[in-house]
> 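Would you mind keeping the following structure in view while I ask a few things?
Note that ligands are numbered from 1 as they come in the structure, with each ligand's atoms numbered from 1 the same way. These numbers come from a predicted model, not from an experiment.
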Amino acid sequence: MKEIVVSGIRSTGYLHLGNYFGAIQNYVKMQEDFNCYFFVADYHALTTHPDPKELKPNVYRVIAENVASGLDPNKVALYAQSDIPEIPELYLMLNMLAYKGELEKTASFKDKARSQPDNINAGLLTYPSLMAADILIHKAHKVPVGKDQEQHLEMTRNFAGRFNHRYGDLFPEPTAFNFGEQLVKIPSLDGKGKMSKSENENATIYLADEDDKIRKKVMKAKTDGGPTEANTPMPDYIENIFMLMKLVSSEEHYNQFLNNYNNCEIRYGDMKKQLAEDMIKFVSPIREKAVAMQNDIPLLQKILAEGKDKARESASKTLSDARKMIGINY
Ligand code: TYM
């Protein structure tokens with residue numbers, strides 16, 4: 001039997017290279033050999049109270065950008081979280097196994113509590129149990145995500161273990177996954193933090209960015225006067241530029257600039273020009289496909305409807321087992 005893979009992306013804004021290299025690139029590879037469930041986490045988006053008018057276009061765009069990146073809806077289940085009523089039901093069950101203390105200690109909760117002090121809602125607190133429900137509803141083995149989701153995966157394993165201990169074995173304990181073995185964190189271009197859907201917008205490359213915008217953002221990336229002694233260790237912000245170059249440029253260009261750096265001959269202007277052109281080559285075909293697809297609403301609706309059927313088939317089996325094991329079968 002094929003191993004089961006589950007992963008989701010919140011519909012809170014434009015997808016960027018962090019989402020691509022942390023998650024989507026893995027989805028595209030995994031669709032060949034695994035039984036895959038990928039979804040738009042629209043309930044999770046509600047924890048930050050998005051404008052109702054923006055939700056639908058955001059969900060459609062996430063679907064279009066995934067397909068434009070190479071995900072084939074015929075090979076995977078591609079669906080919206082809110083189309084699967086079994087997920088909130090399992091979420092309710094898992095909330096009985098999740099403790100206030102551990103939820104309050106979660107890094108993502110603490111961050112959000114700090115950034116939106118007027119809206120520390122219960123959905124934000126129980127974000128990890130909803131995420132565990134997303135994953136466990138299909139009894140997943142592997143969850144392709146970026147490094148920022150590692151703690152949520154650890155909590156998912158804890159909730160799964162508690163359920164199994166209390167009611168009997170139902171859930172495998174899923175692990176975070178990346179083909180490169182290590183989970184990745186794609187840095188922003190300003191040397192401060194990571195690329196993000198809602199922060200650091202001028203230092204994040206979005207899959208929807210036009211060529212000129214990419215050029216401008218890359219040329220503004222933080223650099224300095226360059227090293228003055230051979231083989232000087234790189235400052236973080238320079239290491240970040242090399243990391244981005246490794247992802248989108250040829251090995252030849254990468255090695256050339258690395259040699260230049262080590263010989264103190266680096267010209268960051270040239271390096272950034274090269275990086276910008278390589279990013280454009282990478283992003284523009286995805287952008288063009290995604291834009292075309294976003295206008296084809298019937299196609300997006302068909303993908304969502306088919307994904308929903310596939311996902312509900314698997315979800316309803318798991319939920320019916322969970323209900324029986326808990327004793328809810330009158
Ligand atoms: P979200 O929507 O913030 O991000 C989607 C995916 O992109 C990854 N990612 C990154 N990877 C590397 N570098 C970055 N700068 C970067 N930014 C984002 C994220 O790690 C993620 O894999 N809670 C999740 C959504 C979710 C989910 C799930 C994921 C809900 N239920 C079940 C997996 C399984 C989130 O907010 O991802």
> Thinking salt bridges, do Lys147 and Glu150 make one under a 4.0 Å N-O criterion?
yes
> Consider only side-chain heavy atoms of I, L, V, M, F, W and Y, link residues closer than 4.5 Å, and tell whether Tyr14 and Ile9 are in one cluster.
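As far as the 4.5 Å side-chain criterion goes, Ile9 and Tyr14 are not connected within one cluster.
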> Note the single closest protein heavy atom to atom 25 (C) of ligand 1, along with its residue, its atom name and the distance in Å.
Gly8 O, 3.5 Å
> In plain terms, say whether Lys217 and Asp209 are close enough for a salt bridge, that is, a side-chain N and a carboxylate O under 4.0 Å apart.
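A salt bridge links Lys217 with Asp209.
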> Using a plain distance cutoff, I'd like to know if Lys185 has any nitrogen or oxygen under 3.5 Å from a nitrogen or oxygen of ligand 1.
no
> Would you check whether Phe21 reaches within less than 4.0 Å of ligand 1, judged by its heavy atoms?
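For ligand 1, residue contact (heavy atoms, under 4.0 Å) with Phe21 is absent.
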> To which protein heavy atom is atom 3 (O) of ligand 1 closest, and what is the distance rounded to 0.1 Å?
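Checked against all protein heavy atoms, atom 3 (O) of ligand 1 sits closest to Arg10 NH2, 2.8 Å.
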> Among all the protein's non-hydrogen atoms, which is closest to atom 23 (N) of ligand 1, and how far away is it?
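Answer, as residue, atom name and distance: Tyr127 OH, 2.7 Å.
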> Flag the pair Asp148 and Lys185 as a salt bridge only when some basic side-chain nitrogen lies within less than 4.0 angstrom of an acidic carboxylate oxygen.
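Answer for the salt bridge query: no.
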> So if I count the atoms of ligand 1 from 1 in the order they appear, which ones are less than 4.0 Å from some heavy atom of Ala41?
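Those of ligand 1 that fall under 4.0 Å from Ala41 are 30 (C).
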> Identify which of Thr156, Ile135, Ile137 has a heavy atom lying nearest to atom 34 (C) of ligand 1.
Ile135
> Is there a path of hydrophobic side-chain contacts, each under 4.5 Å between heavy atoms of I/L/V/M/F/W/Y residues, joining Val248 to Val184?
yes
> Can you tell me if His16 contacts ligand 1 (heavy atom of the residue under 4.0 Å from the ligand)?
yes
> Between Asn200 (side chain) and Lys192 (backbone), is there a donor-acceptor pair under 3.5 Å?
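Yes, the answer is positive, given that a donor and an acceptor are paired below the 3.5 Å cut-off.
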> Out of Val40, Leu183, Asp148, who is nearest to atom 19 (C) of ligand 1 when you count heavy atoms only?
Asp148
> Near Ala23, which atoms of ligand 1 are under 4.0 Å from a heavy atom of that residue?
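Once the distances to Ala23 are compared, the set is 6 (C), 7 (O), 22 (O).
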> Measuring from the heavy atoms of Lys197, does anything fall under 4.0 Å of ligand 1?
yes
> Quick one: nearest non-hydrogen protein atom to atom 13 (N) of ligand 1, plus distance?
Ile186 N, 2.7 Å
> Under the side chain to side chain donor-acceptor pair (under 3.5 Å) rule, what do Tyr127 and Thr106 come out as? Steps first, then yes or no, please.
CA-CA 10 Å; Tyr127 189 111; Thr106 313; over 6 Å; no
> Measure the distance from atom 37 (O) of ligand 1 to every protein heavy atom, then report the residue, atom name and distance (to 0.1 Å) of the closest one.
Gln149 NE2, 3.7 Å
> Is the NZ or CZ atom of Lys308 positioned over Tyr79's six-membered ring, under 6.0 angstrom from the centre and within 45° of the axis?
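Here Lys308 fails the 6.0 Å and 45° test against Tyr79.
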> Looking only at non-hydrogen atoms, which of Gly22, Pro174, Gly18 approaches atom 10 (C) of ligand 1 most closely?
Gly18
> So which of Thr204, Val145, Val184, Ile24 gets nearest to atom 12 (C) of ligand 1, if we judge by its closest heavy atom?
Val184
> Within a distance under 4.0 Å of any heavy atom of Lys194, pick out the atoms of ligand 1 and give their elements.
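Reading through ligand 1 atom by atom, the close ones are 15 (N).
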> What is the closest protein heavy atom to atom 30 (C) of ligand 1, and at what distance does it sit?
His44 ND1, 3.3 Å
